[in-house]
Enquirer: 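I am attaching a structure below and will ask some questions about it afterwards.
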Amino acid sequence: IIETPRETLRQYETNPLYKPLGIRAVGKQNLSTGELDPKTLKFKEFITYSPIFDSTYLDSLINAASNDWVGVENVDAWLHEMREG
């Protein structure tokens, strides 16, 4: 459940309920656990929903990011250190 202004829903041509649709929302997140607080979610905008999986695109992103991880022995420990400060 995401708080959405009624005016926004009225402007939508068809009923968005039960239809594949993407949204952008903001809310609070616990920095130590990463858990989102669903009660704080607020609607920002509708976005194009594209459920097509492109493995070539994913592979290109992985390859591009791989160089950034060279020299990191323990990824989990590095992430924990970055998150905890």
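Please read these numbers as outputs of a predicted model, since none were measured by experiment.
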Enquirer: Can you confirm whether L31 is buried at CG, in the sense that more than 12 heavy atoms of other residues, nucleotides or ligands lie under 6.0 Å from that atom?
Expert: no
Enquirer: Nearest heavy-atom pair of K28 and T40: which atoms, and what distance?
Expert: N-OG1, 2.8 Å
Enquirer: Quick check: closest heavy atoms across I23 and I47, and the distance to 0.1 Å?
Expert: N-CG1, 3.6 Å
Enquirer: Out of curiosity, E81 CD to D76 CG, how far, rounded to the nearest 0.5 Å?
Expert: 13.0 Å
Enquirer: Roughly how far, to the nearest 0.5 Å, is the CG atom of L61 from the OG1 atom of T56?
Expert: 11.0 Å
Enquirer: Say you draw a straight line from OG of S66 to CG of D59; how long is it, rounded to the nearest 0.5 Å?
Expert: 10.0 Å
Enquirer: Indicate the atoms forming the closest heavy-atom contact of F43 with I2, along with that distance.
Expert: N-CG2, 3.4 Å
Enquirer: Nearest 0.5 Å please: distance from the OG1 atom of T4 over to the NZ atom of K44.
Expert: 11.5 Å
Enquirer: Tell me, yes or no, whether the heavy-atom count around Q29 atom CD, taken from other residues, nucleotides or ligands under 6.0 Å, exceeds 12.
Expert: yes
Enquirer: Is I62 reachable from W69 through a run of hydrophobic residues whose side-chain heavy atoms are each under 4.5 Å from the next?
Expert: no
Enquirer: Consider only side-chain heavy atoms of I, L, V, M, F, W and Y, link residues closer than 4.5 Å, and tell whether L41 and L21 are in one cluster.
Expert: yes
Enquirer: Once you round to the nearest 0.5 Å, how far does CD of E84 lie from OG of S32?
Expert: 7.0 Å
Enquirer: Would you say E35's side chain and N30's backbone share a donor-acceptor pair under 3.5 angstrom?
Expert: no
